[in-house]
Participant: 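I'd like to ask some things about the structure below.
Both backbone and side-chain heavy atoms feed into the values below; hydrogens, waters and symmetry mates do not.
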Amino acid sequence: MGSATRVTIGGLADRLGLSKASVSYALNGQPGVSEETRRRVLGLAEELGWHPSSSARALSRARSDAIGIVLRRDPALLGTEPYYMSLLAGVEAELAESGQALLLRMIGSANGQDLAAYRRWSAERRVDGVMLFDLTVGDPRPALLDELGLAFVLHGNDEALAPGRVLLYDASGDARILVEHLHALGHRRILHLQGPAEFEHERDRAAAIARFAAGLGMQATSEPSDYSMEAGERIATAHAADPLLTAMVTSNDLLALGAQAGLSRAGRDDIALVSWDDSLICRLGSRPLTALARFPEEQGRRATRMLLDELAGVETPVRTARASELVVRSTSVRATA
């Protein structure tokens, strides 16, 4: 292989028939490889005189062994959102296996607090990288993190937002599943109770629902909300008197639960109701809710693995979220007219 100064992780991986990721984990004392593999890697590295570069050693000493997440969510309400609780459980599970820690901040919706947190973390070297969720239209966070030199991975629907650093999920495919399901039940008019319209993924969801509905000769309208049960109940109650409305899609399970309460009170159990997020609350009650199983815990694990691999300088084999699956329950009622 030549002189020791030219020995690389890639070269070690080629000689041993291993991935670069496995070699990196072994050299850096990280979990993810067997002890036998670790011994093989370290043995060959010693034999060939491999040493990390001085810059890599300096970087290693500066590592905090923590990643950060800033959520623009009211701390008092986060515990009521099953999706995020499951996603964070996946993040924690992956970090635990890697010996890393999670620094979590919940800052509410006040403008600029998240950017200030990233600047402070960077200045204090509190985290090695961060994970981004709920990107807004024109979101300034990716550009700021690049400016600060903080590694990041984001959860989104568009690879162009940060090429190579996006855990991609298919909002368009999800919308198609929901619209085609309602069409098969005979529905021709849909009301979409979406989340805040400032979020990129909510904009994409609304556009996809409208597109697929139009393609099937259906009508679809979207109305923004704040993801709460109260908003779902309020919006559903306001539209319950419309005799032409026979189907609703909600952007999360809490909206669906609130909408169900409003419709039941108005005597409109004939309206089909489907949630974009499945959770335990969708399965309970006298009329369990049809919902998309989106596997948020696995999403959390995959996004975390992407970030840890980026920090280790290795390729991540999986950069997409698991495909959603529709779970049909009692609220998938057929149109009566």
Side-chain angles (χ1 to χ4, degrees), residues 9-10 13-14 18-26 28 30-33 63 66-71 83-84 86-100 102 104 118 127-137 139-146 148-177 199-205 207-208 276-278 292-325:
I9 288 178
D14 289 341
L18 299 171
S19 68
K20 291 181 182 179
S22 295
V23 171
S24 177
Y25 297 154
N28 290 290
Q30 296 178 342
V33 294
R63 289 281 292 270
I67 70 164
I69 295 177
V70 178
L71 289 179
Y83 175 84
Y84 268 107
S86 294
L87 186 144
L88 290 173
V91 172
E92 286 280 22
E94 190 68 27
L95 289 177
E97 294 179 5
S98 304
Q100 304 280 321
L102 172 64
L104 176 65
Y118 296 133
V127 298
D128 299 319
V130 300
M131 299 172 67
L132 302 183
F133 303 95
D134 288 340
L135 258 69
T136 59
V137 177
D139 199 307
R141 291 177 293 171
L144 173 65
L145 294 171
D146 279 336
L148 296 173
L150 267 179
F152 70 89
V153 165
L154 64 88
H155 189 262
N157 189 49
D158 184 359
E159 173 70 11
L161 292 170
R165 295 177 288 180
V166 182
L167 177 71
L168 286 169
Y169 66 92
D170 189 1
S172 180
D174 288 351
R176 183 171 191 165
I177 290 172
F199 290 153
E200 285 265 5
H201 68 272
E202 290 295 346
R203 180 199 62 179
D204 293 340
R205 288 177 177 185
W276 216 294
D277 288 331
D278 192 19
L292 271 179
R294 297 177 55 223
F295 313 104
E297 184 170 348
E298 189 166 337
Q299 290 179 11
R301 292 191 71 116
R302 291 189 183 189
T304 305
R305 186 72 263 156
M306 282 180 62
L307 180 56
L308 295 178
D309 284 348
E310 180 175 342
L311 291 170
V314 299
E315 287 293 321
T316 296
V318 179
R319 295 180 178 272
T320 57
R322 180 176 170 182
S324 302
E325 298 175 8

Participant: For the CG atom of Leu102 and the CG atom of Leu95, what is their distance to the nearest 0.5 Å?
Facilitator: 6.0 Å

Participant: Closest heavy-atom contact between Pro317 and Asp309?
Facilitator: CD-OD2, 4.5 Å

Participant: Got a second to check how far Thr320's OG1 is from Met306's CE, nearest 0.5 Å?
Facilitator: 9.5 Å

Participant: Using every non-hydrogen atom in the two residues, find where Met131 and Gly300 come nearest and quote the distance to one decimal.
Facilitator: CE-O, 4.3 Å

Participant: Which residues pass the side chain to side chain contact (heavy atoms under 4.5 Å, CB included) test with Asp146, not counting sequence neighbours?
Facilitator: Phe152, Arg165

Participant: Taking C-beta and beyond as the side chain, do Ser98 and Arg305 meet within less than 4.5 Å on heavy atoms?
Facilitator: yes

Participant: Describe, in one word, how the ring planes of His201 and Tyr169 are oriented to each other, choosing from parallel (under 30°), tilted (30 to 60°) and perpendicular (over 60°).
Facilitator: perpendicular

Participant: Would you compute the distance between atom CG of Leu132 and atom CG of Leu167 and round it to the nearest 0.5 angstrom?
Facilitator: 12.0 Å

Participant: Compare every heavy atom of Arg302 with every heavy atom of Val318, then report the nearest pair and how far apart it is.
Facilitator: CG1-NH1, 3.6 Å

Participant: Is there a side-chain contact between Tyr83 and Gln299 in this structure, where contact means two heavy atoms from C-beta onward sitting under 4.5 Å apart?
Facilitator: yes

Participant: Leu71 versus Leu104: any side-chain heavy-atom pair under 4.5 Å?
Facilitator: yes

Participant: Would you confirm whether Arg176, through its side chain, and Ala208, through its main-chain N or O, come within 3.5 Å as a donor-acceptor pair?
Facilitator: no

Participant: Quick one: side chain to side chain contact (heavy atoms under 4.5 Å, CB included) partners of Arg301, sequence neighbours excluded?
Facilitator: Ala93, Glu94, Glu97

Participant: Taking all non-hydrogen atoms of both residues into account, name the closest pair between Gln100 and Leu308 and its distance.
Facilitator: CG-CD2, 3.8 Å

Participant: Which heavy atom of Thr304 sits nearest to which heavy atom of Ile67, and what is that distance?
Facilitator: CG2-CD1, 4.4 Å

Participant: Looking at residues at least two apart in the chain, or sitting in another chain, which of them share a side chain to side chain contact (heavy atoms under 4.5 Å, CB included) with Ala207?
Facilitator: none

Participant: Does any N or O in the side chain of Asn157 come within less than 3.5 Å of the main-chain N or O of Ala171, such that one atom is a donor and the other an acceptor?
Facilitator: yes

Participant: With a 3.5 Å distance limit and no angle check, can you tell me whether Glu159 reaches the backbone of Leu168 through a side-chain donor-acceptor pair?
Facilitator: no

Participant: Run the side-chain contact (heavy atoms from CB on, under 4.5 Å) test on Asp277 and Tyr84 for me, step by step, so that the C-alpha distance in whole Å, both residues' side-chain angles and the decisive distance to 0.1 Å come before the verdict.
Facilitator: CA-CA 11 Å; Asp277 288 331; Tyr84 268 107; over 6 Å; no

Participant: Does the pair Arg203 and Val137 meet the rule for a side-chain contact (heavy atoms from CB on, under 4.5 Å), with working shown?
Facilitator: CA-CA 9 Å; Arg203 180 199 62 179; Val137 177; 4.3 Å; yes

Participant: What is the minimum heavy-atom distance between Leu135 and Pro142, and which atoms define it?
Facilitator: CD2-CG, 4.3 Å

Participant: Has Arg319 got more than 12 heavy atoms of other residues, nucleotides or ligands less than 6.0 Å from its CZ?
Facilitator: yes

Participant: With side-chain contact (heavy atoms from CB on, under 4.5 Å) as the criterion, how do Leu88 and Ile69 come out once you've worked through the C-alpha distance, each side chain's angles and the decisive distance to 0.1 Å?
Facilitator: CA-CA 10 Å; Leu88 290 173; Ile69 295 177; 4.0 Å; yes

Participant: Hey, what do you get for OG (Ser324) to CG (Asp174), rounding to the nearest 0.5 Å?
Facilitator: 3.5 Å

Participant: Ignoring hydrogens and angles, tell me if any N or O in the side chain of Asp139 forms a donor-acceptor pair with the backbone of Thr136 under 3.5 Å.
Facilitator: yes

Participant: Is any side-chain heavy atom of Ile9 closer than 4.5 Å to one of Val314?
Facilitator: no

Participant: Let me see the working for Val130 and Val70 under side-chain contact (heavy atoms from CB on, under 4.5 Å), right down to the final yes or no.
Facilitator: CA-CA 8 Å; Val130 300; Val70 178; over 6 Å; no

